[in-house]
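Atoms considered below: every heavy atom in the structure, side chains included; atoms not considered: hydrogens, waters and symmetry mates.
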Amino acid sequence: MSERQHAHAQLQRGAALVTVLLAVALLMLVVVEFTYSSQVDTHLAHNALRVTQAACLAQSGINLGKLVLEKDAKTAGIDALDEEWAERLPPLPAGQGLVLVHIVDEQGKLNLNALRHANGTIRGPWREVAERLFALRDVEVQVLDPILDWLDADHFPEPRGAE
């Protein structure tokens with residue numbers, strides 16, 4: 001074999017080696033992409049399962065709360081915070097989670113909409129209640145005027161308010 005033929009054969013082997021290396025690199029990329037894609041799909045399926053489980057647990061808590069309130073509705077009298085509905089129920093294991101139920105009396109909270117009459121005038125007694133509540137909770141009373149401005153329909157600010 002002449003020197004020229006020998007160089008040509010080595011060049012062909014080198015080209016074949018480069019071709020094989022490129023093919024292996026491309027196959028590696030395909031395998032890595034497939035692995036990543038499979039992991040993403042697995043995580044998405046796992047998250048979807050967890051969302052479904054959480055939704056079912058939440059619905060169980062709602063149904064349990066409704067049952068407690070329906071039981072209370074059958075008894076005559078005034079609602080009080082020492083009744084069964086107001087007590088925090090113990091955690092109930094359900095599947096892979098816990099159902100926690102705590103019913104809160106929304107009427108026991110300050111209704112900010114009650115600070116104004118339907119005609120827009122301020123209800124003095126409710127304002128006094130709000131001021132006392134703010135003072136008890138260490139909330140600056142000056143916050144009340146912007147709240148009152150937010151509730152009214154006019155464009156005139158309260159003394160410390162902002163329309």
Side-chain angles (χ1 to χ4, degrees), residues 24-163:
V24 168
L26 286 174
L27 284 173
M28 285 283 283
L29 284 174
V30 168
V31 168
V32 167
E33 177 59 30
F34 178 74
T35 303
Y36 176 76
S37 192
S38 297
Q39 287 178 343
V40 168
D41 289 343
T42 301
H43 286 295
L44 288 173
H46 179 72
N47 290 343
L49 174 66
R50 299 299 249 170
V51 165
T52 303
Q53 287 174 336
C56 290
L57 287 171
Q59 189 60 49
S60 297
I62 291 169
N63 291 339
L64 185 59
K66 283 180 179 179
L67 182 68
V68 169
L69 291 174
E70 286 172 3
K71 181 181 173 188
D72 181 66
K74 292 177 183 175
T75 62
I78 300 171
D79 283 331
L81 295 178
D82 62 350
E83 292 184 58
E84 181 183 0
W85 67 264
E87 296 174 11
R88 194 178 292 258
L89 297 174
L92 302 169
Q96 296 201 356
L98 290 173
V99 176
L100 301 171
V101 178
H102 181 68
I103 300 171
V104 178
D105 180 16
E106 292 294 321
Q107 289 295 338
K109 297 179 179 178
L110 176 64
N111 181 0
L112 293 176
N113 291 316
L115 290 170
R116 287 199 178 270
H117 291 283
N119 65 6
T121 59
I122 296 173
R123 289 186 171 146
W126 277 106
R127 182 185 178 115
E128 292 170 12
V129 167
E131 287 174 352
R132 286 195 312 269
L133 179 64
F134 282 23
L136 286 171
R137 301 307 260 162
D138 292 328
V139 176
E140 294 184 27
V141 180
Q142 293 87 354
V143 174
L144 194 53
D145 281 342
I147 291 172
L148 289 167
D149 277 335
W150 179 65
L151 292 172
D152 68 13
D154 65 24
H155 296 292
F156 305 107
E158 295 296 321
R160 294 181 303 251
E163 276 296 329

Applying side chain to side chain contact (heavy atoms under 4.5 Å, CB included), run through Leu112 and Ile147 and close with a yes or a no.
CA-CA 8 Å; Leu112 293 176; Ile147 291 172; 4.3 Å; yes
Selection residues 55-65 - residue pairs positive for side chain to side chain donor-acceptor pair (under 3.5 Å), sequence neighbours left out:
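Counting only pairs at least two positions apart or across chains, the side chain to side chain donor-acceptor pair (under 3.5 Å) contacts touching residues 55-65 are Gln59-Asn63.
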Filter on side chain to side chain donor-acceptor pair (under 3.5 Å), then keep only pairs touching residues 83-106, sequence neighbours left out; what's left?
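Found Lys71-Glu84, Glu106-Lys109.
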Straight-line distance of Leu67 CG to Ile62 CD1, nearest 0.5 Å
14.0 Å
Say you draw a straight line from CD1 of Ile103 to CG of Leu64; how long is it, rounded to the nearest 0.5 Å?
8.0 Å
Pairing residues for [X] by the side chain to side chain contact (heavy atoms under 4.5 Å, CB included) criterion, not counting sequence neighbours:
X      : value
Glu140 : Gln142, Val143
Val40  : Tyr36, Leu44
Asn119 : His117, Thr121
Thr35  : Val31, Gln39

What closest approach, in Å, do [X] and [Y] show between heavy atoms, and which atom pair accounts for it?
X      : Y      : answer
Val99  : Gly61  : CG1-CA, 3.5 Å
Asp145 : Arg127 : OD1-NH2, 2.8 Å
Ala94  : Leu57  : O-CD2, 3.4 Å
Gly65  : Val101 : CA-CG1, 4.1 Å
Ala86  : Ala80  : CB-O, 4.2 Å

Mind checking whether His46 and His43 have side chains closer than 4.5 Å, heavy atoms only?
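Sidechains of His43 and His46: no contact.
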Go through Leu115 and Arg123 one step at a time and tell me if the side chain to side chain contact (heavy atoms under 4.5 Å, CB included) criterion holds.
CA-CA 5 Å; Leu115 290 170; Arg123 289 186 171 146; 5.9 Å; no
